[in-house]
Protein chains: 2
Amino acid sequence: MEDSNTVLGKALAILRAFGPADSVLPLAELVRRTGLAKGTAHRVAGALVHHRLLDKTEHGYRLSGGLFELGLRAATERTLLELAMPFLQDLYERTHETVHLGVREGHEVVYLAKIGGHRQTRAPSRTGGRMPMHCTAIGKVLLAHAGEDEWAAVLTGPLERRTPRTVIAPGLLRRQLDTALETGVAYEHEESAPGLLCVAAPVLRPDGSTVVAAISVMGPVGRFRPESHETAVRAAATALGSTLARRRP
Amino acid sequence: MEDSNTVLGKALAILRAFGPADSVLPLAELVRRTGLAKGTAHRVAGALVHHRLLDKTEHGYRLSGGLFELGLRAATERTLLELAMPFLQDLYERTHETVHLGVREGHEVVYLAKIGGHRQTRAPSRTGGRMPMHCTAIGKVLLAHAGEDEWAAVLTGPLERRTPRTVIAPGLLRRQLDTALETGVAYEHEESAPGLLCVAAPVLRPDGSTVVAAISVMGPVGRFRPESHETAVRAAATALGSTLARRRP
DNA sequence: CGGTGGCGTTCCACTCAGCGGTACGCTCTT
DNA sequence: AAGAGCGTACCGCTGAGTGGAACGCCACCG
């Protein structure tokens, strides 16, 4: 990771130094994480503040609202999100469980939306966050439809064990992907976090060949029966799929 | 606007060249909008692609998913959004009308969330979008609680006329702000777009002095009675307010 | 057709923006 | 009192960045 020869590289190193959990980082911490010289970091951070990508607070720097605003201009994710929202809404209203919308980016899942009520299941997923593909229902669905190349890449790579139930055997995972392709849905049983169950269905292009995204419903072990929501999730996903087809020929 | 002496300035000029409506812009268009030299724009855009802030397509450049992801790391708006979602959800479920969450940024409103069903009222607002303060219910509420300085700044500035009903008389607007402070809600009657009505309530810090955000419900003239949703909106806003207080002491 | 204009891309010599080591002042802790 | 860690400020060197020029490629048109 030596992109830091250009100013832009340094700037992005600083911006990306903020993990999902960090809200405000002091200059010294930025220096530590980025490996930049103190003077340089100071100056670049100052420039970023000037451009409204960072806020300077008493205790350090913070990603600013300007960045949030800019991010929401990203065309593809935005229109997908806007079109999907009503369906996610419906799905939530019908199930009253946590609903996700996710897309594939690289070999991971990125969540575009996560909606749920007050007693929301405390899940590791967050809007804008990433998760591995092999241990989430959305990930499996996306992977299942991603084509042989992607299968190979993921199945041969190391499969991180998140919980005792995470599927890390390539053979078993492959079989799950096969059935996901047949049945049109994928399940997760406490594979990304203990106590969580999940069903997901793919949002497909009308030709049925390519996946655009996936929708899932998640709930806690005990009251939650993933199977009983299978049809609802599938319905939402296919409905979104044909709406997308209508708008984007 | 001559921030374009530094690389960072040029990069941001390019990113911000994308209006809310543009999805993909060819290099030539970027050159036109930013005023950069062709060679420079080419190189900087290339660098941005390399850093996953832009995507290069057949027809030009496009804001990339990486930017979306980065934007959702912005701490303040993100936690606000996450905490607010359940309440917006409830509100939507109760009213089945378009629900907004907005904050003040500069002298404008920025929408952090917009949720609504399929028959969604076609409103000019978009998630991540901006609107003037004087012609929206959310804007009026935010302005009303923003303090005398802000009042002065907005009331003396030019008030853009968006529709025949937009309030552009400073005196009338000031009176509306007064009553908004008294009653705790603000209304909009086709002031930002024809055919749209709106009620908004402020999300306050527990001391009641400062506004954090505002919530609104919007609907079309005819079936929609803003007054009948006043209590629901106010309830959602105060509930969110006390939740925020609990989490951020 | 050959011409013309807009486009994306590549090249290159100049130069100033950016660099990072050094130094200072501040606030805590020891 | 001394030290550690922080944010800030300064400054001379240098190569990253610059933008004008030139090229090849369509698509349109007289």
Q. Of all of residues 48-59 of chain B, which get a heavy atom below 4.0 angstrom from DNA chain D, listed by number?
A. none
Q: With a 4.0 angstrom cut-off to heavy atoms of chain B, pull out the first and last contacting nucleotide of DNA chain D, in 5'-to-3' order.
A: dG17(D) to dG19(D)
Q: Indicate for each nucleotide in nucleotides 16-24 of chain C, in 5' to 3' sequence, whether protein heavy atoms under 4.0 Å reach the base (B), only the sugar-phosphate (S), or nothing (-).
A: --SBB----
(Q) Strictly distance-based, threshold 3.5 Å: is any side-chain N or O of Arg73(B) a donor or acceptor partner for the main-chain N or O of Phe18(A)? (A) yes
Q. Going through the checks in order, is the side-chain contact (heavy atoms from CB on, under 4.5 Å) test met by Leu240(B) and Val212(B)?
A. CA-CA 10 Å; Leu240(B) 175 55; Val212(B) 181; over 6 Å; no
Q: Ignoring hydrogens and angles, tell me if any N or O in the side chain of Trp151(A) forms a donor-acceptor pair with the backbone of Leu143(A) under 3.5 Å.
A: yes
Q. Are Leu63(B) and Glu77(A) close enough that some pair of their side-chain heavy atoms sits under 4.5 Å apart?
A. no
Q.
Please list all pairs meeting ring pair (Phe, Tyr, Trp, His ring centres under 6.0 Å) that have one or both residues in residues 29-87 of chain A, counting only residues at least two apart or in different chains.
A. Phe87(A)-His118(B)
Q: Apply the test side-chain contact (heavy atoms from CB on, under 4.5 Å) to residues Leu54(A) and Leu67(A): give CA-CA distance (whole Å), side-chain angles for both, the deciding distance (0.1 Å), then the verdict.
A: CA-CA 8 Å; Leu54(A) 285 183; Leu67(A) 194 58; over 6 Å; no
Q.
Looking at dG8(C), I'd like to know if its phosphate oxygens (OP1 or OP2) sit under 4.0 Å from a side-chain N or O belonging to His42(B).
A. no
Q.
Quick one, Thr127(B) with Arg78(A), criterion side-chain contact (heavy atoms from CB on, under 4.5 Å). Give me CA distance, side-chain angles, the key distance, then yes/no.
A. CA-CA 9 Å; Thr127(B) 305; Arg78(A) 180 199 231 192; 5.7 Å; no
Q.
Can you pull out every salt bridge (Lys or Arg N to Asp or Glu O under 4.0 Å) where at least one residue sits in residues 14-27 of chain A? Sequence neighbours excluded, please.
A. Asp22(A)-Arg33(A)
Q: Evaluate the side-chain contact (heavy atoms from CB on, under 4.5 Å) criterion for residues Glu69(A) and Arg130(B): first the C-alpha distance (whole Å), next the side-chain angles of each, then the deciding distance (0.1 Å), finally the verdict.
A: CA-CA 9 Å; Glu69(A) 214 177 320; Arg130(B) 284 173 172 261; 2.4 Å; yes
Q) Quick one: does His134(A)'s side chain have a donor or acceptor within less than 3.5 Å of a partner on Ile168(A)'s backbone? A) no
Q | Qualifying residue, where the test is side chain to side chain donor-acceptor pair (under 3.5 Å) with Glu191(A) and the options are Arg161(A), Lys140(A), Arg162(A) | A | Lys140(A)
**Q.** Between CE on residue Met218(A) and CG on residue Leu196(A), distance to nearest 0.5 Å
**A.** 4.5 Å
Protein N or O to nucleotides 25-30 of chain C N or O, pairs below 3.5 Å:
none

